[in-house]
Amino acid sequence: MILQALTRYYEDLLTRGEIAAPGWSPAKISFALCLDENGAVTQVIPTMQEVVAGKKTVQRPQEIVLPAAVKRTAGVASNFLWDNSAYLLGIDQKGKPARSRECFQAAAQLHRAILDGVDSPAARAILAFFDTWDPSAAAEHPALRASFDEITGSANLVFRVDGAYPQDDPAIRAAWQTHRDGGDPDAVRLQCLVTGREDEISATHPAIKGVRDAQSSGAALVSFNAPAFCSYGREQNYNAPVGKHAAFAYTAALNHLLADRNNVQIIGDTTVVCWAEGADPVYQDYAQAFLFGGEGPEGLSDNDLRAALKRLADGKPCDDLGIDPNRPFYILGLAPNAARLSVRFFLRDTFGRLMRNVNAHYERLRIVGSRYDMLPLWAMLRETVNLNSRDKSPSPAMAGATARAVFSGGPYPAALLEGVMLRIRAERNITWGRAAILKAYYLNNPHTDCPKEVLTVSLNEASTNPAYTLGRLFSVYEAVQQAANPGINATIKDKYFSSAAAMPASIFPVLNNLYQKHLRKLSTAQRVYYDKQVGALKNVLSEDLPTRLTLAQQGAFDLGYYHQTQKRYTKKEENENG
């Protein structure tokens, strides 16, 4: 399913003219090796370009569409019309002169096989270059001397003949396509699992680049490189036969998605990309804003985006947005796994249904005191992390499972709740994000110990839930302490919050004694005001407080504390503004 969707996306991009044709792909080129009509090297021209990276302007290799790169392992294999200095110049880069000569010979052999007989001045010049170039004298060549160290580093070079690139020559392009399509007469031909057509099967697939923490040289999405993975005597990718066209198409499409940094999101250790059938970029723009808190299409405010999401979720017409709610949409999450890539999640749905799931998620998160209308996924996951630790990344498995739940509308993973509760107990602090997660979790994963009556946007004064009421009572006790000791640095929350939420029967008598002492420091009006609140809450509770609260009941306790505290802050702001 993944390969089929990516292959179709490639064909959509090809129709729109936004991706290279089969057999061609972008390559990062640092220098152009200029030849005259006789194949002599006249000069080496840098092809670097200035790119803005953060606040700096840096030099980066230029991306040029060239014949597709070969996949190298430990062997020697040359690219056509471009490569590093070992292949095009035979220069020793790593103290292995014999290997460099072998690389140069492989390049010469490939170019002769493709270009022999091609009626083109550029083809004849390249062949003459390979016939006359002396790698042993490269270091003394005047055209290379000035930039020798840069050229012999990791830089890639491309041929340039009489001021033109040979890859633009129609005769050379046709020769490359004939070579590529000619295939190997000994190649295995089977039915392709992706297209359903008989095709030459690729033993190995092109590398995928751009997945965070995966091999920088590229990793494989489909790979069989050990006997344990093989069956019926087949080796490598013959175990899952994918045709030459499909192997190129799906990897080209995925590399295209990963190369667009505006369309790539990181969730834990997972690199996430998304796309719509038809390759219309407007769907990606809206998805980035709705799913990950991106900027969205130009000219739309946060209110506009929220309104657009609501319309999509309600199934209303969105012609003015350029969006069809029934358009199939895909989300793919990839994580590094040694030399391979693992699929964390893959979702396919209509754009409208996906937005309905996302909107429902945001509605569940709505709570008093929030700073965002739409809490971004990265900000939500950050609530499970110790921000003072060296590693501030959320658990990879939890992050992937949470993203999948948000996109699909399924239940949230238990690890999300556990991560939030761990931070609340460790830091004794319920941020609005953590309160929002607790509310959303139990709305989507119902539990009798944390009923719907406590899962409200703001304080539910009518609730009689014991755990929720205890949380409210704790907040009032803290308010009394702060009123009695203005400017106090540490409150009862710092010492008693975690234990009060877990073992109320043991801790609340202690808190009540402290409350009586704090109450004596207040004015008569203040004592009456707080006594009424405490009395009303105690009337809801029975005399025998719970010995222990379950995890779900602790969630209700935390929400009660948060709601009561937010109401207190709201009243304080109203008094100050009034």
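Both backbone and side-chain heavy atoms feed into the values below; hydrogens, waters and symmetry mates do not. Not measured: the values here are computed from a predicted model.
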ask   = Any sub-3.5 Å donor-acceptor pair from S202's side-chain atoms to A247's backbone N or O?
value = no
ask   = How would you list, by chain and number, every residue that makes a side chain to side chain contact (heavy atoms under 4.5 Å, CB included) with K28, sequence neighbours excluded?
value = P61, E63
key: Under the salt bridge (charged side-chain N to carboxylate O under 4.0 Å, His left out) test, residues paired with R404 that sit two or more places apart   = none
query = Heavy atoms, side chains only, cut-off 4.5 Å: are W432 and V368 in contact?
reply = no
ask   = Roughly how far, to the nearest 0.5 Å, is the CZ atom of F557 from the CG atom of L473?
value = 8.5 Å
query = Would you call V272 and V264 a side-chain contact if the rule is heavy atoms closer than 4.5 Å?
reply = no
note = Sequence neighbours excluded, the answer for salt bridge (charged side-chain N to carboxylate O under 4.0 Å, His left out) partners of E11 is none
Pairs satisfying salt bridge (charged side-chain N to carboxylate O under 4.0 Å, His left out), at least one member in residues 428-447, at least two apart = E383-R434, E427-R434
remark   = In short, F346 meets A5 closest at the heavy-atom pair CZ-CB, 4.2 Å
message = Please report whether the ring centroid of F329 lies less than 6.0 Å from that of F407.
response = no
key: Main-chain N/O of T195 paired to Q4 side chain as donor or acceptor, under 3.5 Å   = no
Results of salt bridge (charged side-chain N to carboxylate O under 4.0 Å, His left out) for R382 - residues two or more places apart only = none
request  = To the nearest 0.5 Å, tell me how far I266 CD1 sits from S393 OG.
outcome  = 10.0 Å
remark   = Quick note, salt bridge (charged side-chain N to carboxylate O under 4.0 Å, His left out) partners involving residues 13-24, not counting sequence neighbours, are R16-E18
query = Taking R197 for the side chain and V194 for the main chain, is one N or O donor matched with an acceptor at less than 3.5 Å?
reply = no
task = Using atom types as modelled and distance alone, determine if a side-chain donor or acceptor of N429 lies under 3.5 Å from a backbone N or O of I424.
result = no
inquiry  = So does Q288 get a backbone contact from the side chain of Q265, meaning a donor-acceptor N/O pair under 3.5 Å?
reply    = no
note = Applying side chain to side chain contact (heavy atoms under 4.5 Å, CB included) to Q533 and not counting sequence neighbours gives V476, Y529, Y530, Q564
query = What pairs with D349 under salt bridge (charged side-chain N to carboxylate O under 4.0 Å, His left out), at least two apart in sequence or on another chain?
reply = R353
ask   = Any donor-acceptor pair under 3.5 Å linking the side chain of T550 with the backbone of Q553?
value = yes
query = Who passes side chain to side chain contact (heavy atoms under 4.5 Å, CB included) against H361, sequence neighbours left out?
reply = R364, L365, M380, V406, Y412
inquiry  = Filter on ring pair (Phe, Tyr, Trp, His ring centres under 6.0 Å), then keep only pairs touching residues 445-469, sequence neighbours left out; what's left?
reply    = Y468-H563
query = Between F248 and Y10, is a ring pair (Phe, Tyr, Trp, His ring centres under 6.0 Å) present by the stated rule, with each step listed?
reply = CA-CA 9 Å; F248 170 82; Y10 168 81; 5.6 Å; yes
ask   = Which of parallel (below 30°), tilted (30 to 60°) and perpendicular (above 60°) describes F351 and F290?
value = tilted
ask   = With distance as the sole test, does Q191 use its side chain to make a donor-acceptor pair with the main-chain N or O of E198 at under 3.5 Å?
value = no
key: Residue pairs passing the salt bridge (charged side-chain N to carboxylate O under 4.0 Å, His left out) test where at least one lies in residues 263-281, sequence neighbours excluded   = R8-E277, D269-R344
note = side chain to side chain contact (heavy atoms under 4.5 Å, CB included) filter on K310, not counting sequence neighbours, yields D314, N359
